[in-house]
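Numbers for residues simply follow the sequence, beginning at 1. All values below were derived from every heavy atom in this structure, side-chain atoms included, with hydrogens, water molecules and symmetry-related copies excluded.
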Amino acid sequence: MKNFRVFKALLKIRFQNLMMFRLGFWGPFFVDGSLFLIQLVIFDAIYANVERIGSWGRGEMILYIGTFSLINAVNMAVYFFGVNGIVGKIKSGAMDLYLTKPVSPLFRLTFECMNPGSLPLLLLSGVIIGYGVRTAGIRLTWGRVLVYLFFLALMILLYYEMEVLIRSVAFYLVSNARMEQLEEMGLELCMNLPGIAFYGVYKVIFYGILPYGIMATLPVQGLLGEMSPGLALHGVGVVCVFSAITAFVWRNGMRHYNSASS
């Protein structure tokens with residue numbers, strides 16, 4: 001309940017700050033919506049002459065793109081701008097301020113910079129998902145929808161954990177720019193290529209070490225009825241492992257954090 005009250009307060013403060021400058025509030029609606037449409041145009045140009053990727057046709061790929069876009073939209077709307085500031089606050093010593101507050105530093109960092117300008121992406125992503133379901137001719141059942149929503153929630157959590165983990169490296173290194181570049185390249189690749197296309201060492205990398213390959217793939221496989229018990233356990237296991245790693249790296253980093261002013 002305490003964290004919920006803090007969340008409401010942070011959301012209220014965020015909206016008040018944005019509404020002080022109306023262009024700062026409405027501008028992101030236009031910018032993010034335009035970027036989304038550009039992504040769709042690029043997708044259409046790439047896959048115009050491609051009939052299938054693995055066992056997936058065009059409809060399944062549209063569903064995949066929509067699902068990855070939905071995960072990214074939640075990221076951009078809720079926690080990206082807060083989490084992305086972790087590195088700068090560690091380097092500048094601004095993290096000191098968060099240590100003096102009666103709430104978890106990570107909780108406040110996560111929710112203090114929510115971006116309502118990305119909310120239209122949620123709606124647009126839902127439209128693309130619906131179009132993909134219709135194009136692929138998928139027969140929806142309550143079981144498949146629940147599996148999809150379950151793994152969608154897990155993958156949103158995994159996305160968040162990967163962002164926090166990569167930026168928490170700043171507690172230990174002078175610069176983590178290479179880590180962020182690796183994150184960017186992995187996301188860019190897996191946004192355009194589903195996990196079912198990876199084999200051998202690439203599957204080991206993108207299903208376990210840098211698990212961006214499962215983020216939209218598993219929810220879509222659940223909706224298609226292609227989710228095997230082993231694959232489901234793998235997805236849950238990856239999220240549990242990265243939850244533990246992220247918690248350890250963050251807590252250990254906070255214990256060894258030295259103020260920039262000390």
Side-chain angles (χ1 to χ4, degrees), residues 53-56 60-61 63-76 78-80 82-84 86 106-107 109-110 125 129 143-172 176 178-253:
I53 295 181
S55 60
W56 288 4
E60 288 83 358
M61 280 304 304
L63 175 59
Y64 175 82
I65 295 297
T67 300
F68 217 130
S69 178
L70 179 60
I71 294 172
N72 185 58
V74 174
N75 162 58
M76 297 295 292
V78 179
Y79 53 80
F80 172 77
V83 171
N84 200 47
I86 290 175
L106 184 56
F107 183 87
L109 283 165
T110 298
S125 298
I129 290 171
R144 290 186 179 186
V145 172
L146 289 176
V147 171
Y148 176 83
L149 293 176
F150 173 74
F151 278 97
L152 181 66
L154 279 184
M155 295 305 109
I156 290 173
L157 175 60
L158 180 60
Y159 200 121
Y160 169 75
E161 291 168 346
M162 291 296 296
E163 286 193 343
V164 174
L165 178 60
I166 287 174
R167 284 150 186 83
S168 296
V169 174
F171 283 117
Y172 309 93
N176 70 331
R178 297 298 182 186
M179 294 290 293
E180 293 186 16
Q181 288 176 357
L182 185 64
E183 173 192 46
E184 183 178 349
M185 289 187 293
L187 283 171
E188 184 176 354
L189 173 63
C190 294
M191 278 184 176
N192 298 310
L193 196 63
I196 61 168
F198 294 120
Y199 293 94
V201 66
Y202 298 105
K203 192 164 188 176
V204 173
I205 294 173
F206 292 110
Y207 268 58
I209 301 174
L210 295 172
Y212 299 116
I214 69 173
M215 285 185 178
T217 302
L218 294 190
V220 172
Q221 287 184 305
L223 196 61
L224 295 175
E226 299 177 354
M227 178 72 69
S228 66
L231 188 59
L233 288 174
H234 175 79
V236 173
V238 167
V239 174
C240 291
V241 168
F242 274 91
S243 294
I245 294 174
T246 303
F248 172 78
V249 172
W250 174 264
R251 290 172 182 172
N252 189 64

- Item | Check: F68 and L187 side chains under 4.5 Å, non-hydrogen atoms | yes
- Task: Please name the pair of heavy atoms, one in M155 and one in I71, separated by the smallest distance, quoted to 0.1 Å.
- Result: CB-CD1, 3.9 Å
- Message: Minimum heavy-atom separation for Y148 and P219, please, with both atom names.
- Response: CD1-O, 3.0 Å
- Message: Could you tell me if the side chain of T217 sits less than 4.5 Å from the side chain of Y207, heavy atoms only?
- Response: yes
- Note on the structure: Rounding to 0.5 Å, atoms CD (E161) and CG (L165) come to a distance of 9.0 Å
- Y79 and N84: side-chain donor and acceptor closer than 3.5 Å? no
- Could you check if a side-chain atom of L210 sits within less than 4.5 angstrom of a side-chain atom of L182, using non-hydrogen atoms only? yes
- Item | R144 and M227: CA distance, side-chain angles, deciding distance, side-chain contact (heavy atoms from CB on, under 4.5 Å) verdict | CA-CA 9 Å; R144 290 186 179 186; M227 178 72 69; over 6 Å; no
- Does any non-hydrogen side-chain atom of Y212 lie less than 4.5 Å from one of M191? no
- Note on the structure: When rounded to the nearest 0.5 Å, the distance separating OH of Y64 from CD of Q221 is 10.5 Å
- Task: Nearest 0.5 Å please: distance from the CD atom of E188 over to the CG atom of L193.
- Result: 12.0 Å
- Nearest atoms (heavy-atom pairs only) where W56 meets P194: CZ3-CB, 3.5 Å
- Message: Looking at I65, is its backbone amide N or carbonyl O close enough to the side chain of S69 to form a donor-acceptor pair, meaning the two atoms are under 3.5 Å apart?
- Response: no
- Quick one: CD on E184 to CG on L189, what's the gap to the nearest 0.5 Å? 12.5 Å
- Task: Check whether more than 12 heavy atoms from other residues, nucleotides or ligands sit under 6.0 Å from atom OH of Y172, and answer yes or no.
- Result: yes
- Identify the two heavy atoms, one from S125 and one from G66, that lie closest to each other, and give their separation to 0.1 Å. CB-O, 3.7 Å
- Item | V201 side chain near F206 side chain, heavy-atom distance below 4.5 Å | no
- Does the pair V236 and F150 meet the rule for a side-chain contact (heavy atoms from CB on, under 4.5 Å), with working shown? CA-CA 10 Å; V236 173; F150 173 74; 4.2 Å; yes
- Query: Without hydrogens or angle criteria, can the side chains of Y160 and T246 be said to hold a donor-acceptor pair below 3.5 Å?
  - Reply: no
- Query: In Å and rounded to the nearest 0.5 Å, what is the CG to CD distance from L231 to E226?
  - Reply: 9.5 Å
- CD1 (I166) and CD (E180) are apart, to the nearest 0.5 Å, by 7.5 Å
- N-O pairing of E183 and R167 below 4.0 Å: yes
- Heavy-atom closest pair (V220 atom, T67 atom, distance to 0.1 Å) is CG2-OG1, 3.7 Å
- Closest contact, heavy atoms only, F242 versus I209: CZ-O, 3.5 Å
- Query: With a 4.5 Å heavy-atom cut-off, do I214 and L158 have their side chains touching?
  - Reply: yes
- Answer whether the closest heavy-atom distance between the side chains of F198 and I205 falls below 4.5 Å. no
- Message: Any heavy-atom pair between the side chains of I86 and L109 that's under 4.5 Å?
- Response: yes
